[in-house]
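These values consider heavy atoms only, across backbone and side chains, with no hydrogens, waters or symmetry-generated copies. Naming: A, B, ... by sequence-line order, numbering from 1 per chain. Computed from a prediction, not measured in an experiment: that's the story for all the values here.
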4 protein chains.
Amino acid sequence: MKARVQSRRPTRRELQAEARRRQLIDTGLALFSEKGWENTTIRDLAKSAGVAQGLIYHYFESKEALLMAVVERHGFLPEVCRVLGPAYDRPASEVLLEVAQALHRLLREKAPLVRIFVREAHTGRELVKGWNELLRHGAKHLSQYLAARVSAGELRPHNTEVSARMLLHTVAMFQLSGAPAKYLPELVDTLLNGIKGPREAKDA
Amino acid sequence: MKARVQSRRPTRRELQAEARRRQLIDTGLALFSEKGWENTTIRDLAKSAGVAQGLIYHYFESKEALLMAVVERHGFLPEVCRVLGPAYDRPASEVLLEVAQALHRLLREKAPLVRIFVREAHTGRELVKGWNELLRHGAKHLSQYLAARVSAGELRPHNTEVSARMLLHTVAMFQLSGAPAKYLPELVDTLLNGIKGPREAKDA
Amino acid sequence: MKARVQSRRPTRRELQAEARRRQLIDTGLALFSEKGWENTTIRDLAKSAGVAQGLIYHYFESKEALLMAVVERHGFLPEVCRVLGPAYDRPASEVLLEVAQALHRLLREKAPLVRIFVREAHTGRELVKGWNELLRHGAKHLSQYLAARVSAGELRPHNTEVSARMLLHTVAMFQLSGAPAKYLPELVDTLLNGIKGPREAKDA
Amino acid sequence: MKARVQSRRPTRRELQAEARRRQLIDTGLALFSEKGWENTTIRDLAKSAGVAQGLIYHYFESKEALLMAVVERHGFLPEVCRVLGPAYDRPASEVLLEVAQALHRLLREKAPLVRIFVREAHTGRELVKGWNELLRHGAKHLSQYLAARVSAGELRPHNTEVSARMLLHTVAMFQLSGAPAKYLPELVDTLLNGIKGPREAKDA
DNA sequence: GATGAATGAGCCTTCATTCAT
DNA sequence: AATGAATGAAGGCTCATTCAT
């Protein structure tokens, strides 16, 4: 704590403590993601980390606090915003695939935390707020970008919230169901061009 | 059980037993959906049903068996198949909106069971198989219909699995996030026509 | 429960359950009195009663609820009131010794509960209210009786609250410190006659 | 320690250590008196004293040892003896009120330690011996003084142990129940003169 | 068919104490 | 002298499940 406020060089013990803290958080991430938070016992955590049960309470106030610490350290809302907040003057035909692929990759990298979020999404725990925030931000950012491209004349006028959700939800479900990334170009193509045949498309 | 196999007239006792069984299943549906299966105790169930705890074990082997019975009775895979397996010779421009709306309505009607599925989807329990089955069947049926419409020349050739999933997942997420049905036409329209502007659409 | 509301004959099981409840309360009385409530574990109680730990929670909501049940069943406020509310027209020279002896005997009989009260008196628990009530009632009753005897001319005018407390506290402390009952007559005699020598007593 | 035995000039370090020791004892007195010994954790003590938990074990063998140290430093048996061992040749009519008032004041000043004694009096700990010692000494001293006054002819012959306890216990309970000092003269008056009316008193 | 008393394993958390630094 | 990380043994309580009635 002090070490961060005053820019004093941290002692070896402080470093060790911080390492232990990280270790416990990572153990939490692994076990929570594997078995769910509710099905992970303090015993599991302690055994898996190779420490006594009591030590966990030296670093975290409760089992729930550990969960929050896991989310805080491994959270990825900033990355989601970066991924979904693309340059507004680049064409959607380029950007959307990049967005889809970046999101797909991000979700895969953060798969353990995503699993935790999905599992705990219903518990009404504080944690859920961050998750919903994340979902709403993502949809909003992409939707605004699409609206900008409509204004720029690249895209036809339409409800961009709907199209944004089509992309996000489908990518997310692809990831959750383990579908490979190779379908992403087809997904973006379908979103851009629709599925109607050429004759009908011209008529519309 | 016997009463249904052999078409013998069921005794009054058998009728009462069947009614009890149904009552317990419905109580299970309500409580599991409200608080989650893991957070529902046998005591809760018994109290809510107005019976003794022991009686539940007279009708079901375990708490998990009750969950399976709930899923079995209130499952809706047939309905999903019916909804998603439309007449192959009707045009997608008519059918897809019907499908989207029917699915939206079905998910709303079956909301309690859906909630259970979503919550328990991760537990690796037997139950999950049914859920995945349902998802796969749904996507497959719709995908095959779309392929038929491609063959019929109504839709352009494309990966119909992807487009089928775009529809299903987006409708499902709409339902889960509480979005109203009024967006469904725009969803279908976007899927059919894409979001590109007319000039680019012609270029493509 | 029903058995008490409707005057139906209780079944054997109900009787057994009531017996078990009493047994647990008596076990609680014994252990709480011996080691104190805080130092008595659920394990102790269960082992001493020869039942599983969980059973205690079948009969009582919590360890504290068991304590309250003990107090409720073995409480003795009514008896205290009876002992300390003597016939107002009998002379103090007879009554006070009877009161002292009755109180001494009562405290000895109820020694286990008294010990519990004394130990828990400081915890600010709900329980304490009953105890204080008891003390206040006792002092008040006796004080009023003494005032009546002053009016009757038997006792000289004085602060009867003080003299009531002198009797009660001294008897109580005698009991707590294990002093035998044989000192009680001397106690009452001293209270009635004071300790001044005859000459000074006449001067006063 | 050495510093006190050998009258060598204590080093700065020794002085600091002694100060620390006193600080910890005073912290112990405050917390033990406020929340009780059993409900005070080492963590509480360390936090309240602004030191690390481990340091407490540098100065005291155990939590119980700290309690004993508190009692040792803040004990007041000598003062009690002084208060209760009055000049044997002064009349009780003067002395007893002084004794009652001095005891009342002493108990109020030492209230924190008294609270500790009262709370821990039942635990069968070593500590209790000191407490009982104190009680016995007090009663004995006062009793002997009263006996001397009997011999001197000021007081009538009676069991002076009983009258001594009447005074002590009542004063103590007055203090514990928060009664104000203004009742003390009436208490002493009642003890000296009894509560019988003049006619009966003469008859006796 | 129905009851609810009884079980026993397990959960989260607390805390006095030790010890390497 | 001082720190605080680490331990390990309980402690109160919950709950799915069994079984005698």
Practice problem: Using a 4.0 Å heavy-atom cut-off across all strands, classify A:Ile42 as base, sugar-phosphate, or nothing. | Solution: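 The residue A:Ile42 makes base contact.
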Interatomic distance where [atom1] belongs to [X] and [atom2] belongs to [N] [whole Å]:
X	N	atom1	atom2	value
C:Arg20	E:dT7	CZ	C1'	12 Å
A:Arg21	F:dA6	CZ	C1'	16 Å
A:Arg12	F:dG4	CZ	P	17 Å
C:Arg43	F:dA9	CZ	P	13 Å
A:Glu18	F:dA6	CD	P	12 Å
D:Asn39	E:dA16	CG	P	10 Å
B:Glu14	E:dA2	CD	P	13 Å
C:Glu64	F:dC13	CD	C1'	14 Å

Quiz item: Going by atom types only, do D:Arg20 and D:Gln23 share a side-chain donor-acceptor pair under 3.5 Å?
Solution: yes
Quiz item: For C:Ile25 and C:His74, what are the C-alpha separation, side-chain angles and deciding distance, and is it a side chain to side chain contact (heavy atoms under 4.5 Å, CB included)?
Solution: CA-CA 9 Å; C:Ile25 287 179; C:His74 290 97; 3.9 Å; yes
Self-check item: Derivation and outcome, side chain to side chain contact (heavy atoms under 4.5 Å, CB included), residues D:Val118 and C:Val118
Solution: CA-CA 9 Å; D:Val118 170; C:Val118 170; 6.0 Å; no
Exercise. Mind checking side chain to side chain contact (heavy atoms under 4.5 Å, CB included) for A:Thr40 and listing every partner two or more places apart, or none if nothing turns up?
Key: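 Once residues adjacent in sequence are excluded, the partners of A:Thr40 under the side chain to side chain contact (heavy atoms under 4.5 Å, CB included) criterion are A:Leu31, A:Phe32, A:Lys35, A:Asp44, A:Leu45.
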Self-check item: Non-neighbouring partners of A:Phe117 that pass ring pair (Phe, Tyr, Trp, His ring centres under 6.0 Å), sequence neighbours left out
Solution: A:Trp131
Exercise. Return yes if some donor-acceptor pair links the side-chain N/O of A:Trp37 with the main-chain N/O of A:Lys63 below 3.5 Å, else return no.
Key: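 It does hold such a pair.
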Give every donor-acceptor pair under 3.5 Å between a side-chain atom in residues 46-57 of chain A and any protein atom, sequence neighbours left out.
none

Drop me the distance from [X]'s [atom1] to [Y]'s [atom2], to the nearest 0.5 angstrom.
X	Y	atom1	atom2	answer
B:Leu134	B:Phe76	CG	CZ	5.5 Å
A:Ile42	A:Leu66	CD1	CG	7.0 Å
C:Glu61	C:Met68	CD	CE	12.5 Å

Exercise. Among F:dA5, F:dC13, F:dT17, find the nucleotide with the atom closest to the side chain of C:Ser62.
Key: F:dC13
Quiz item: Does A:Thr40 or D:Thr41 map to a spot on DNA chain E nearer the 5' end, using the closest nucleotide for each?
Solution: A:Thr40
Self-check item: Those residues of residues 44-61 of chain D lying under 4.0 Å from DNA chain E by at least one heavy atom
Solution: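 Result for residues 44-61 of chain D: D:Gln53, D:Tyr57, sorted by number.
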Quiz item: Among residues 28-38 of chain B, which contact DNA chain E at a heavy-atom distance under 4.0 Å?
Solution: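 Those residues whose heavy atoms fall under 4.0 Å from DNA chain E, taken from residues 28-38 of chain B, amount to none.
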Quiz item: Looking only at side-chain N and O atoms, does A:Gln16 come under 4.0 Å of OP1 or OP2 in F:dG4?
Solution: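 For F:dG4, neither OP1 nor OP2 has a side-chain N or O of A:Gln16 closer than 4.0 Å.
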Practice problem: Output, in order, the C-alpha distance, side-chain angles, deciding distance and verdict of salt bridge (Lys or Arg N to Asp or Glu O under 4.0 Å) for B:Arg73 and B:Glu18. | Solution: CA-CA 13 Å; B:Arg73 181 179 300 278; B:Glu18 186 55 28; 3.5 Å; yes
Exercise. Runs of at least three consecutive Watson-Crick or G-U pairs, both distances under 3.5 Å, are what I'm after; which ones involve DNA chain E?
Key: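 Looking at DNA chain E, the stems formed by three or more consecutive pairs are E:2-21 with F:2-21.
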Self-check item: Heavy-atom donor-acceptor pair, A:Arg13 side-chain to F:dT3 base, under 3.5 Å
Solution: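 Answer is yes: a donor-acceptor pair is held.
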Quiz item: Can you find a pair of side-chain heavy atoms, one from B:Arg119 and one from B:Glu38, that are under 4.5 Å apart?
Solution: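 Heavy-atom side-chain distance check fails, nothing below 4.5 Å.
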